2 protein chains.
Amino acid sequence: MRYDYSIYLVTDRAYINDAALCDVVEQAVLGGCTMVQLRESNISSLDFYHLAKEVKEVTDKYEVPLIINNRIDIALSVDAAGVHVGQKDLPAAAARRIIGQDRLLGVSVSTLQEALQAQEDGADYLGVGAMFPTRTKRDAKIVPMEVLCAIRREVRIPLVVIGGIHKGNAAEFAKLGADGLAVVSAILSSPDTRRAAAELREAFISME
Amino acid sequence: MRYDYSIYLVTDRAYINDAALCDVVEQAVLGGCTMVQLRESNISSLDFYHLAKEVKEVTDKYEVPLIINNRIDIALSVDAAGVHVGQKDLPAAAARRIIGQDRLLGVSVSTLQEALQAQEDGADYLGVGAMFPTRTKRDAKIVPMEVLCAIRREVRIPLVVIGGIHKGNAAEFAKLGADGLAVVSAILSSPDTRRAAAELREAFISME
């Protein structure tokens, strides 16, 4: 099965104030988001589980894959399409063993070495970043543009770029061969989620 | 398979200062601990995974079951004997679905209703507590002794009591029909882990 990684929303409830996350996700999907990653910390496992079930009702309705960040048990319990692990989460190879072959495995990388390792460990796609400094993840390492190019050249699996991506730089990454844009604030900090997603998609696909 | 719940160590690295957790667990097992639950928070998934692998080498060596608290993905990735969930973790029924029938499922309860629900949802054993106020878990609800007795009367699966258990009150719980004592500080705060475990075991089995 081929997946459309082009507009990949990563959630962060800190951005949406009192709005219900599932409503925000629905607007983003209506605007053109093609994949949704639920990334939540400072939440009990029970609350994460219920939130994941709610969001999955929306993603199922629109047939958009739901990916769960870090918590593979939550992913399995709600039958999510996949999981995404960072370099401080379960190792990719261990994650692959427990999710099986049918769920997507994404891995965050910020160096060529991490990218090659993740591909070898069974990743289906890579999240490469942070491309720019970002308020969403202040401790993120910045990936120089030449490292992104090297990763694009050396790995064969899809890449999404993350960290400071917005409609103003979306086209640049499309030209560099990114398969998608992973964004948090570019969509969630907008007062019009649907439009923000649509504009990002427009900027990206115009250059693909 | 029948399990021996009698001396059930729950870990908390806050108690062991700079000692290696696997060394402390080994001493506790040599003293007579029959089951070990790894309960860690404020730790990355990667560190939890490595810690679980280390501790499992010790528990495997002595053929003591290793239970992982909350993080079912960690349990699956290290092939632990079971998982333990609290009321704010994944619901017991969801946990059972993803661990299958061969791993142990423990559930923390503090009321009769929670106990009956957990049994219905597929728990193999219950952790009942907190029996007494405890520094280890300050927000824990206290279970009145009559509630423990009601749970013992109404549920058929094994019970371990937790929260403020020590060698001075161990015998009392053996008489009430508890299948085991779950302890953190009674073992981990002792300068002699092995002896603390042995004394607790002695106090418990003398009255069984």
Side-chain angles (χ1 to χ4, degrees), chain A residues 38-54 56 67-80 82-110 114 117-118 121-122 137 139-141, chain B residues 38-54 56 67-80 82-110 114 117-118 121-123 137 139-140:
Chain A
L38 194 54
R39 180 172 75 184
E40 299 293 340
S41 49
N42 300 318
I43 185 172
S44 73
S45 296
L46 183 61
D47 288 343
F48 200 168
Y49 170 73
H50 286 303
L51 189 65
K53 290 225 299 189
E54 280 172 33
K56 186 157 184 287
I67 309 291
I68 304 291
N69 185 284
N70 181 14
R71 291 294 302 268
I72 298 172
D73 44 2
I74 303 288
L76 295 174
S77 65
V78 304
D79 193 25
V83 300
H84 189 94
V85 294
Q87 297 291 323
K88 291 179 181 171
D89 298 334
L90 270 183
R96 174 57 77 198
R97 280 196 299 276
I98 63 177
I99 64 172
Q101 292 304 316
D102 293 340
R103 278 180 232 274
L104 279 176
L105 175 61
V107 179
S108 295
V109 302
S110 59
E114 287 173 355
Q117 184 67 51
D121 289 344
K137 210 167 181 179
D139 60 342
K141 270 181 278 185
Chain B
L38 195 55
R39 181 172 75 184
E40 299 293 339
S41 48
N42 301 319
I43 185 172
S44 73
S45 296
L46 182 62
D47 289 342
F48 199 168
Y49 170 74
H50 286 303
L51 189 65
K53 289 225 300 188
E54 280 172 34
K56 186 158 185 289
I67 309 290
I68 305 291
N69 185 283
N70 181 17
R71 292 296 302 268
I72 299 172
D73 44 1
I74 304 289
L76 295 174
S77 65
V78 303
D79 193 24
V83 299
H84 188 94
V85 293
Q87 297 291 323
K88 292 179 181 170
D89 299 335
L90 269 184
R96 174 57 77 198
R97 280 196 300 277
I98 63 178
I99 65 172
Q101 292 303 317
D102 293 340
R103 278 180 231 275
L104 279 176
L105 174 62
V107 180
S108 295
V109 302
S110 58
E114 286 173 356
Q117 184 68 51
D121 289 345
K137 209 167 183 180
D139 60 342

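Note that the structure is a prediction, hence the values are computed from the model and not measured. Chain A is the first sequence line, chain B the second, and so forth, proteins listed ahead of strands; every chain is numbered from 1.
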query: Given side chains that start at C-beta, do those of A/L90 and B/L46 come closer than 4.5 Å, heavy atoms only?
result: no

Enumerate, by atom name, each donor-acceptor pair separated by under 3.5 Å where one atom lies in chain A and the other in chain B.
from  : atom 1 : to    : atom 2 : distance (Å)
A/S45 : N      : B/K88 : O      : 3.4
A/S45 : OG     : B/N70 : OD1    : 2.6
A/S45 : OG     : B/N70 : ND2    : 3.2
A/L46 : N      : B/K88 : O      : 2.8
A/N70 : OD1    : B/S45 : OG     : 2.6
A/N70 : ND2    : B/S45 : OG     : 3.2
A/I72 : N      : B/D73 : OD2    : 2.9
A/D73 : OD2    : B/I72 : N      : 3.0
A/K88 : O      : B/S45 : N      : 3.4
A/K88 : O      : B/L46 : N      : 2.8

field: Which atoms of B/I98 approach chain A - backbone, side chain, both or neither, heavy atom under 4.5 Å
entry: side chain

- prompt: How long is the gap from CD1 on A/I74 to CD1 on B/I72, to the nearest 0.5 Å?
  reply: 8.0 Å

